[in-house]
Each structure stands twice: as structure tokens, then as C-alpha cells.
Amino acid sequence: MKKLMTMTRQFRDDENGAAMVEYTVLLGIITVAVIATVALVGTWVGTQWTTLNAALP
């Protein structure tokens, strides 16, 4: 636990720690956007598939 606290203090005092936090937040935003896009595309493909199956006799 002491080691974690020491690393946290080093990141707080070091500008690289702030940059790492910014990159982590950016990575989180990109991840959410990718998941949302995949979900939306998956829904669209499912709808198209259902429409195609209904059109075939």
C-alpha cells in the first residue's frame, strides 16, 4: 500500500503523471465511442437481416 501511495505522489508531482491521466481519459472516451458505434451498427445489421429474411419466401 505504501508503494502505491508513493507512486501516486510521484505522478501528482510529475507532469508526466498529468499527461498519463489525460491520455487515460481520452482512451476511455474513445473506448465508449467505439462500443456505442459497434452497438449501433449491430442493431442496424440485425434490422437489415430481419428485413431480408422477411422478404425471402
Side-chain angles (χ1 to χ4, degrees):
M1 186 68 174
K2 234 178 188 182
K3 186 176 182 179
L4 179 64
M5 293 302 293
T6 304
M7 281 180 30
T8 305
R9 284 189 195 108
Q10 286 174 347
F11 284 135
R12 182 190 64 197
D13 296 338
D14 189 14
E15 290 184 18
N16 291 333
M20 186 171 61
V21 171
E22 291 170 359
Y23 286 129
T24 304
V25 170
L26 183 60
L27 181 63
I29 292 170
I30 291 171
T31 303
V32 169
V34 167
I35 290 171
T37 302
V38 167
L40 289 172
V41 168
T43 303
W44 178 80
V45 168
T47 304
Q48 295 298 318
W49 186 258
T50 303
T51 304
L52 177 63
N53 282 335
L56 294 175

Distance-only criterion, 3.5 Å: show the donor-acceptor pairs between side-chain atoms of residues 48-57 and protein atoms not counting sequence neighbours.
unit_1, atom_1, unit_2, atom_2, d
Thr50, OG1, Gly46, O, 2.9
Thr51, OG1, Thr47, O, 2.9
Asn53, ND2, Trp49, O, 3.4

request  = Taking side-chain contact (heavy atoms from CB on, under 4.5 Å) as the test, write out the residues that go with Leu40, two or more places apart.
outcome  = none
task = List, by chain and number, the other hydrophobic cluster members for Leu26, where Ile, Leu, Val, Met, Phe, Trp and Tyr join if side-chain heavy atoms come within less than 4.5 Å, directly or indirectly.
result = Ile30, Val34, Val38
note = Taken in chain and number order and not counting sequence neighbours, the residues that satisfy side-chain contact (heavy atoms from CB on, under 4.5 Å) with Thr31 are Leu27, Ile35
message = My understanding is that only residues two or more places apart in sequence, or in another chain, count here; which of them pass side-chain contact (heavy atoms from CB on, under 4.5 Å) with Val41?
response = Thr37, Val45
